[in-house]
Amino acid sequence: MIRTALSFCLLFGALAVASRWLIESAHQDLPQSAGETAPSFEPRSDEAKPLPPIAAHAITIPDDRAIQLVGFNDELGDVLDSLKPAGGVKARVEDVEFGDEDLTSNSLPPSSIAPIVTPPKEPEIAITPQLLELRSKLREALAYYYFRPENVALRSPWGAMHAMIAYGVDSELIAGDKRVNAIGYLCYNGVCNGQQLFYTTNGKLEARIGPGVQGHPGQFLAMLAQSRVKTDFPMLIDGQKFNVADLIQYEKDTCRPQTELTFKLIAFMHYLKSDERWKSNDGQDWDMQLLIKEELAQPIVGAACGGTHRMTGFSYAVRRREQRGEPMTGQWMRAKKYIDDFHEYAFRLQNPDGSFSTTFFAGRADDGPPTKRLETTGHITEWLAFSLNKEQLLEPRMIKSVYYLSNLLIDNRDEKWGIGPLGHGLHALAIYDERIFGGKPGTRAVELAEVKKARKSVER
């Protein structure tokens, strides 16, 4: 018990530094094969057990301000004051549509590093009264769930990851009696309900796949990519120091044909050059076009989460290719046409209230409880919020879906949502908020506390 407590002391001490690094780096700068299903509930393992009560409360943190972001009983004014950076807020991350990671370290060979591109600036968005109302509703939903973080004693790593995807570098978890940065905690292999994401074999980092951990190969790395975490961000596994670049190499080593490569595609298109070539550890040659070709050979209808993650993989690849000003030929052009066709198809299946089909892309459907509606509309809206251009995001049909999703989460706030659908639904709103309303990753705690404060004032 004492050893466990000491281990957590070391873990949280390191996380204090890692958390601050993560937020600062954010300023400087998403299925499975047919027949398989990703759990919309929290997966449990028979071997998974909660953290021992003493260990969970015997945690000390050297730098409370870097880790303990918000106390449960703090006055909102105090919360806002404590969260505001002493030197002022730094410039926000580039728009998610155009942002490219600032790879300033030597974690990857220079020949592998994705180029940093500055595309033409898009026209400013005119914020109409309708959009102001939508922003208020959207941020109300984001704020409500942001201040109710998940507890690592109760959630598996799979659950913690899905809590993390919603708010990226701003995401928090409860560990013991502290709120900790979710990405830092998971990168330091923090225990979640008795399980851990990573392990080492002969001194090399490896990642677990199965109940309670990753549901898909490359899933955690894809979430880091979508959160724009740098390649030199530290990881600590079995007492050994690694970084995100080591996880990238592991995912490259473990590519296999005729398997699900969706999440690897998302991650590699973020971190690597479009013409990157590599060998997996079984001696096979790989490149980005082969990844796309393998994924295009897999089905959408019948895939996990309705095929929305696979569509996100294609969209990520095409969008990054466009950002870099590279020719849209071969498998890139096939993927682009596929995405454009599915955009129109998804909207043809949209229901009159703005929700999407409750059978994903299988056909028209408008039935089921709120939990099913969150799972389907949340995932489809998440994909569309990332893959549509800004003009399309402002079309009435898209605005209607964001309204629906926001209201669904607010009006059913007492619902016991599955952590997977909840995480992806909130991520959809966060992406839309950033792309249309200028939400700032790295400062969401301040932004959403302001929303909460304003709502309390109205209620009085």
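Along the sequence shown, residues carry numbers from 1.
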- Message: Under a plain distance cut-off of 3.5 Å, with no hydrogens placed, do Thr371 and Trp417 share a side-chain donor-acceptor pair?
- Response: no
- Note on the structure: Sorted by chain and number, sequence neighbours left out, side-chain contact (heavy atoms from CB on, under 4.5 Å) with Ala428 holds for Thr381, Glu382, Leu405
- Donor-acceptor under 3.5 Å (Asp433 side chain, Gly438 main chain): no
- Item | Qualifying residue, where the test is side-chain hydrogen bond (donor to acceptor under 3.5 Å, both in side chains) with Arg373 and the options are Asp366, Asn412, Asp353 | Asp366
- Message: Do Lys264 and Pro217 make a side-chain contact, defined as non-hydrogen atoms from C-beta onward lying under 4.5 Å apart?
- Response: yes
- Task: Test side-chain contact (heavy atoms from CB on, under 4.5 Å) on Val213 and Trp158 and set out the steps.
- Result: CA-CA 5 Å; Val213 286; Trp158 186 89; 5.9 Å; no
- Task: Taking the side chain as every heavy atom from C-beta outward, state whether Phe198 and Glu206 have any atom pair closer than 4.5 Å.
- Result: no
- Task: With sequence neighbours excluded, tell me which residues meet ring-ring contact (aromatic ring centres under 6.0 Å, His included) with Tyr167.
- Result: Tyr146
- Query: Would His216 and Thr262 count as a side chain to side chain donor-acceptor pair (under 3.5 Å) if you check the C-alpha gap in whole Å, the side-chain angles of each, and the deciding distance to 0.1 Å?
  - Reply: CA-CA 8 Å; His216 316 265; Thr262 297; over 6 Å; no
- Message: Could you measure the distance from the CG atom of Leu173 to the CG atom of Asn181? Nearest 0.5 Å is fine.
- Response: 8.5 Å
- Determine yes or no for a side-chain-to-main-chain donor-acceptor pair under 3.5 angstrom, with Arg208 supplying the side chain and Gln196 the backbone. yes
- Determine whether Ser227 and Ile183 make a side-chain contact, defined as any pair of heavy atoms from C-beta on separated by less than 4.5 Å. yes
- May I ask you to test the Pro234-Phe242 pair for a side-chain heavy-atom distance under 4.5 Å? no
- Item | ring-ring contact (aromatic ring centres under 6.0 Å, His included) between Tyr316 and Phe386, intermediate numbers included | CA-CA 8 Å; Tyr316 216 100; Phe386 172 79; 5.0 Å; yes
- Any donor-acceptor pair under 3.5 Å from Gln214 side chain to Gln219 backbone: yes
- Item | Residues that Arg348 engages under side-chain contact (heavy atoms from CB on, under 4.5 Å), provided they are two or more places apart | Glu344, Tyr345
- Can Lys252 and Glu276 be counted as an ion pair, charged N to O under 4.0 angstrom? yes
- Test the Lys452-Phe147 pair against the cation-pi criterion, namely NZ or CZ under 6.0 angstrom from the six-membered ring centroid and within 45° of the ring axis. yes
- Message: As a quick check of understanding, evaluate side-chain contact (heavy atoms from CB on, under 4.5 Å) for Ile248 and Leu221, giving each step before the final call.
- Response: CA-CA 7 Å; Ile248 295 170; Leu221 182 61; 3.9 Å; yes
- Message: Check whether Ser315 reaches the backbone of Ser387 with its side chain - one donor and one acceptor, N or O, closer than 3.5 Å.
- Response: no
- Which heavy atom in Pro327 sits nearest to a heavy atom in Trp332, and how many Å separate them? O-CD1, 4.4 Å
- Message: Would the distance check show the side chain of Asp170 and the main-chain N or O of Gly442 forming a donor-acceptor pair, the cut-off being under 3.5 Å?
- Response: yes
- Are Ser274 and Arg324 close enough, and set up right, to give a side chain to side chain donor-acceptor pair (under 3.5 Å), and what steps lead you there? CA-CA 9 Å; Ser274 302; Arg324 296 166 183 170; 3.0 Å; yes
- Message: Side chains of Leu408 and Thr377, heavy atoms from C-beta outward: is any pair under 4.5 Å?
- Response: no
- Message: Let me confirm one number: the OG-OH distance from Ser355 to Tyr404, rounded to the nearest 0.5 Å.
- Response: 4.5 Å
- Message: Can you confirm whether more than 12 heavy atoms, excluding those of Glu391, are under 6.0 Å from its CD atom?
- Response: no
- Task: Check whether any side-chain N or O of Thr201 sits under 3.5 Å from a backbone N or O of Lys204 as a donor-acceptor pair, and report yes or no.
- Result: no
- Message: For the CZ atom on Arg256, are there more than 12 heavy atoms of other groups (residues, nucleotides or ligands in this structure) within a distance under 6.0 Å?
- Response: yes
- Message: When you compare the side chain of Phe356 with that of Thr376, does any pair of heavy atoms fall below 4.5 Å?
- Response: no
- Pair Cys187-Leu224, side-chain contact (heavy atoms from CB on, under 4.5 Å): steps then yes or no: CA-CA 10 Å; Cys187 282; Leu224 294 183; 4.3 Å; yes
- Message: Closer than 4.0 angstrom, basic N to acidic O: yes or no for Arg413 and Glu140?
- Response: yes
- Task: Provide the closest heavy-atom pair for Met223 versus Met161 in the form atom of the first, atom of the second, distance.
- Result: SD-O, 3.5 Å
- Item | Side-chain touch His162/Leu422, heavy atoms, less than 4.5 angstrom | no
- Which of these passes ring-ring contact (aromatic ring centres under 6.0 Å, His included) with Phe342: Phe361, Phe347, Phe314? Phe361
- Message: Could you check whether Glu447 pairs with Arg139 (Lys NZ or Arg NE/NH1/NH2 to Asp/Glu carboxylate O, under 4.0 Å)?
- Response: no
- Query: For Ile380 and Ser357, which heavy atoms make the closest approach, and how far apart are they?
  - Reply: CD1-O, 4.5 Å
- Item | Worked check of side-chain contact (heavy atoms from CB on, under 4.5 Å) between Glu295 and Arg310 | CA-CA 7 Å; Glu295 281 292 289; Arg310 178 157 288 137; 2.8 Å; yes
- Between the main-chain N or O of Pro211 and the side-chain N or O of Gln195, is there a donor-acceptor pair closer than 3.5 Å? yes
- Answer yes or no: is there a donor N or O on one side and an acceptor on the other, between the side chain of Gln289 and the main chain of Gln331, under 3.5 Å? yes
- Determine whether the aromatic ring centres of Phe268 and Trp278 lie less than 6.0 Å apart. yes
- Task: Verify the distance criterion only: is there a donor paired with an acceptor across the side chains of Asp238 and Thr200 at less than 3.5 Å?
- Result: yes
- Are Leu142 and Arg444 close enough that some pair of their side-chain heavy atoms sits under 4.5 Å apart? yes
- Grab the two heavy atoms, one from Ala267 and one from Ala225, that are nearest each other, plus how far apart they are. CA-CB, 4.0 Å
- Which word best sums up how the rings of His424 and His379 line up, parallel for under 30°, tilted for 30 to 60°, or perpendicular for over 60°? tilted
- Distance (rounded to the nearest 0.5 Å) between Phe437 CZ and Ile125 CD1: 8.0 Å
- Message: Check whether Asp246 reaches the backbone of Asn243 with its side chain - one donor and one acceptor, N or O, closer than 3.5 Å.
- Response: yes
- Do you know the tightest heavy-atom contact between Gly354 and Lys400? CA-CG, 3.7 Å
- So, Arg321 side chain and Met328 main chain: donor-acceptor pair closer than 3.5 Å or not? no
- Query: Salt bridge check: are Lys453 and Glu450 linked by an N-O gap of less than 4.0 Å?
  - Reply: no
- Would you sort out whether Arg320 and Glu326 count as a salt bridge (Lys or Arg N to Asp or Glu O under 4.0 Å), showing the intermediate values? CA-CA 9 Å; Arg320 303 296 275 181; Glu326 296 165 342; over 6 Å; no
- Could you state the interatomic distance from CG (Leu388) to CD1 (Ile431), rounded to the nearest 0.5 Å? 11.0 Å
- Could Arg148 and Tyr144 be counted as a cation-pi pair, given that NZ or CZ must be under 6.0 Å from the ring centre and within 45° of the axis? yes
- Item | Nearest heavy atoms of Ile292 and Ala335, plus distance in Å | CG2-CB, 4.0 Å
